[in-house]
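Keep in mind that what you see is a predicted model, and the values were worked out from it rather than measured. We use all heavy atoms of the structure for the numbers below, so side chains are in, but hydrogens, waters and symmetry mates are not.
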Amino acid sequence: MIVALNNKSNLTKEEYKNYIEDLIKIECQSKIILCPTFLNLGSMTVKDIHLGAQNVSSTASGAYTGEVSASQLKSYNAEYCIVGHSERREYQKESNEEISLKINKLFTEGIIPILCVGETKEQRENNQVEAVLKEEILSATKTLSNEEKSKLIIAYEPIWSIGTGIIPTNIEITAVFKYIKEFLPDSKILYGGSANEKNVDILKEVSLIDGYLLGGLSLKPQDLKIFLNKLEN
Ligand code: PGA
C-alpha cells in the first residue's frame, strides 16, 4: 500500500522536528510518502520515508518570483509531487492546462506526480462525476507517453469528502476507480478524503484501492499508527 501524507500548510519548523520524531517511530509495511511544505521538505530527509512536494511550478527555473521548480524539488530528493489538489484548483484557480504543464515538468525531472481528481457535491448530485473525472484525467495526461501514464499516481478525492468526515460508500468508490482504470489501467489509484483510523476497516474492503492520501490524519502520528496497523492487518 502507498500512504501519502499531505501536511498542507501546517507545522512550523519546531513542530515539524517533533512530528518527524514521532513519525519515524511508526513501524509499517506501507510505502510512506511524506508531503510537507516546501520549507520543511528542505529541512531534512528521513530514512525509509519517501519525500513528496505539495506543488510545483509550471515553469522551469528562472525569473518566476515565489515559484519552486521541479529541478529544485529534485535537488532536495523529492520523488513525488501532489498536483491539482482541489484546494489549489479552487483557491489558486489552477486550471487543467496548468496542471498538465506541471506534470510534464515533474516527469522531465523523474519525479512521480500524484494527480488529484474528484467532484464536488453538486456535481455528484447532478450525475456529472464521470464527466468531471474524464476532463481532469484526459487534459492532464494528453501529452504523456504510455510509460509516463503508467507511472502517474491518481488520488481520487471527492471534494465533499475532504476534511468533512464524510466518505463515499465502497460501491461509489469502486465505480469511480473502475472508471479511472478505463483511462489509466496501469496507474496506482489512491483514495483521499476523511480517511482515518475509524473508517479504514470499511475502506480497506475496496480491493481496487492501492493506497491513501491523508490530510488531517497525517498530522496525528498516534492515530496514523492505528490506521496503518488496521490497514495492514
Ligand atoms: P483529509 O484531506 O484527509 O483531511 O480529508 C485529504 C486531502 O485533502 O488530501
**Request:** Kindly compute the distance separating CG (L228) from SG (C28), expressed to the nearest 0.5 Å.
**Result:** 5.0 Å
**Message:** Any heavy-atom pair between the side chains of F38 and N55 that's under 4.5 Å?
**Reply:** yes
**Prompt:** Are any non-hydrogen side-chain atoms of I49 and L5 less than 4.5 angstrom apart?
**Reply:** no
**Request:** Starting from the C-alpha separation in whole Å, work towards a yes-or-no answer on side chain to side chain donor-acceptor pair (under 3.5 Å) for S218 and N7.
**Result:** CA-CA 6 Å; S218 82; N7 286 169; 3.1 Å; yes
**Request:** To the nearest 0.5 Å, tell me how far E87 CD sits from I82 CD1.
**Result:** 9.5 Å
**Asked** Which is it for K181 and I189 under the side chain to side chain contact (heavy atoms under 4.5 Å, CB included) test, yes or no, and what are the steps along the way?
**Response** CA-CA 9 Å; K181 281 187 182 293; I189 312 178; 3.8 Å; yes
**Message:** For a quick check under 3.5 Å, do S43 and Y76 share a side-chain donor-acceptor pair by atom type?
**Reply:** no
**Asked** So R88 and K93, side chain to side chain contact (heavy atoms under 4.5 Å, CB included) or not? Walk me through it.
**Response** CA-CA 6 Å; R88 295 199 59 84; K93 302 284 172 260; over 6 Å; no
**In one Ile/Leu/Val/Met/Phe/Trp/Tyr side-chain cluster, 4.5 Å: V129, F183** = yes
**Request:** Indicate if Y16 and I26 have the same hydrophobic cluster label, given that clusters are the connected sets of ILVMFWY residues with side-chain heavy-atom separations under 4.5 angstrom.
**Result:** yes
**Message:** Rounded to the nearest 0.5 Å, what separates atom CG in D201 from atom CG in L231?
**Reply:** 9.5 Å
**Message:** Around atom NZ of K142, are there more than 12 heavy atoms from other residues, nucleotides or ligands closer than 6.0 Å?
**Reply:** yes
**Message:** Once rounded to the nearest 0.5 Å, what's the spacing between atom CG of D48 and atom CD of E27?
**Reply:** 10.0 Å
**Prompt:** Can any side-chain N or O of K149 pair as donor or acceptor with the backbone N or O of S187 at less than 3.5 Å?
**Reply:** no
**Asked** Side chains of L208 and K178: closer than 4.5 Å at any heavy-atom pair?
**Response** yes
**Prompt:** Does atom NZ of K74 have more than 12 heavy-atom neighbours from other groups under 6.0 Å away?
**Reply:** yes
**Asked** Do K102 and E94 sit within salt-bridge range, that is, some charged N less than 4.0 Å from a carboxylate O?
**Response** yes
**Message:** I'd like to check T37 versus L11 (side-chain heavy atoms, cut-off strictly below 4.5 Å). Are they in contact?
**Reply:** no
**Asked** Can you name the closest pair of heavy atoms from D223 and E197 and give their distance?
**Response** O-CB, 3.6 Å
**Prompt:** Looking only at heavy atoms, which two atoms of S194 and N199 are closest? And how far apart?
**Reply:** O-ND2, 2.8 Å
**Request:** Mark yes or no for whether N96, through its side chain, and S139, through its backbone, hold a donor-acceptor pair below 3.5 Å.
**Result:** no
**Message:** Distance check, rounded to the nearest 0.5 Å: I33 atom CD1 versus L214 atom CG?
**Reply:** 11.0 Å
**Request:** State which residues pass side chain to side chain donor-acceptor pair (under 3.5 Å) with E15; sequence neighbours excluded, sorted by chain then number.
**Result:** T12
**Prompt:** Would you call R89 and E98 a salt bridge, taking side-chain N to carboxylate O under 4.0 Å as the test?
**Reply:** no
**Message:** Ring centroids only, cut at 6.0 angstrom: are Y212 and F227 within range, meaning strictly under it?
**Reply:** yes
**Message:** Taking the side chain as everything from C-beta on, heavy atoms only, tell me whether L23 gets closer than 4.5 Å to V46.
**Reply:** no
**Prompt:** So do I112 and L106 actually touch side chain to side chain, heavy atoms under 4.5 Å?
**Reply:** no
**Asked** Sub-3.5 Å donor-acceptor pair from the side chain of N126 to the main-chain atoms of Q123, do we have one?
**Response** no
**Message:** Taking side chain to side chain donor-acceptor pair (under 3.5 Å) as the definition, give me every residue that meets it alongside S30, ordered by chain and number, with sequence neighbours left out.
**Reply:** E232
**Request:** Show your reasoning for whether side chain to side chain contact (heavy atoms under 4.5 Å, CB included) applies to L152 and S150.
**Result:** CA-CA 6 Å; L152 178 72; S150 69; over 6 Å; no
**Prompt:** Do the non-hydrogen side-chain atoms of S161 and I159 ever get within less than 4.5 Å of each other?
**Reply:** no
**Item:** Distance-only side-chain donor-acceptor flag, E119 / W160, under 3.5 Å
**Value:** yes
**Request:** Take N233 and N229, measure what side chain to side chain donor-acceptor pair (under 3.5 Å) needs, and give me the verdict at the end.
**Result:** CA-CA 6 Å; N233 293 298; N229 225 302; 3.0 Å; yes
**Message:** Within the supplied structure, the quantity of interest is the number of heavy atoms (other residues, nucleotides, ligands) at a distance under 6.0 Å from K8 NZ; does it exceed 12?
**Reply:** yes
**Message:** For the backbone of T59 and the side chain of K105, can you confirm whether one donor and one acceptor N or O come within less than 3.5 Å of each other?
**Reply:** no
**Prompt:** Just wondering, do I153 and L115 contact through their side chains at under 4.5 Å, heavy atoms?
**Reply:** no
**Item:** Check ion pair K151-E147 (N to O, under 4.0 angstrom)
**Value:** yes
**Asked** Just by distance, do the side chain of E67 and the backbone of Y64 share a donor-acceptor pair under 3.5 Å?
**Response** no
**Request:** Identify the heavy atoms of L41 and G52 that sit nearest to each other, and give their distance.
**Result:** CD1-O, 3.3 Å
**Message:** I'd like to know whether E172 forms a salt bridge (charged side-chain N to carboxylate O under 4.0 Å, His left out) with R124, so could you lay out the CA-CA distance, the side-chain angles of the two residues, the decisive distance to 0.1 Å, and finally the verdict.
**Reply:** CA-CA 10 Å; E172 287 170 332; R124 177 163 281 275; 3.6 Å; yes
**Message:** According to a hydrophobic-cluster definition based on side-chain heavy atoms being under 4.5 Å apart (Ile, Leu, Val, Met, Phe, Trp, Tyr only), do Y80 and I2 belong together?
**Reply:** yes
**Prompt:** Yes or no on side chain to side chain contact (heavy atoms under 4.5 Å, CB included) for I103 and L144, after CA distance, side-chain angles and deciding distance?
**Reply:** CA-CA 9 Å; I103 289 175; L144 301 184; 3.9 Å; yes
**Asked** Short question: side chain of S57, backbone of S69 - any donor-acceptor pair under 3.5 Å?
**Response** no
**Complete:** Correct closest heavy-atom pair for N10 and N40 would be O-ND2, 4.1 Å
**Prompt:** With a 3.5 Å cut-off and no angle check, do the side chains of N104 and T143 form a donor-acceptor pair?
**Reply:** yes
**Message:** Is there a path of hydrophobic side-chain contacts, each under 4.5 Å between heavy atoms, that joins I162 and I167?
**Reply:** no
**Request:** Heavy atoms only: give me the nearest V132-G118 pair and the separation to one decimal.
**Result:** CG1-O, 3.9 Å
**Message:** Hydrophobic cluster membership, with links at side-chain heavy-atom distances under 4.5 Å among I/L/V/M/F/W/Y: are I20 and V3 in one?
**Reply:** yes
**Fill in**
In short, L190 meets L213 closest at the heavy-atom pair CB-N, 4.3 Å
**Message:** Between E109 and A70 (side chain of the first, backbone of the second, donor and acceptor by atom type, cut-off under 3.5 Å), is there such a pair?
**Reply:** no
**Complete:** Value for SG (C81) from CD (Q54), rounded to nearest 0.5 Å, stands at 9.0 Å
**Prompt:** In terms of side-chain heavy atoms, does Y19 have a donor or acceptor partner in K220 at a distance below 3.5 Å?
**Reply:** no
**Item:** Contacts of type ring pair (Phe, Tyr, Trp, His ring centres under 6.0 Å), residue Y156, not counting sequence neighbours
**Value:** none
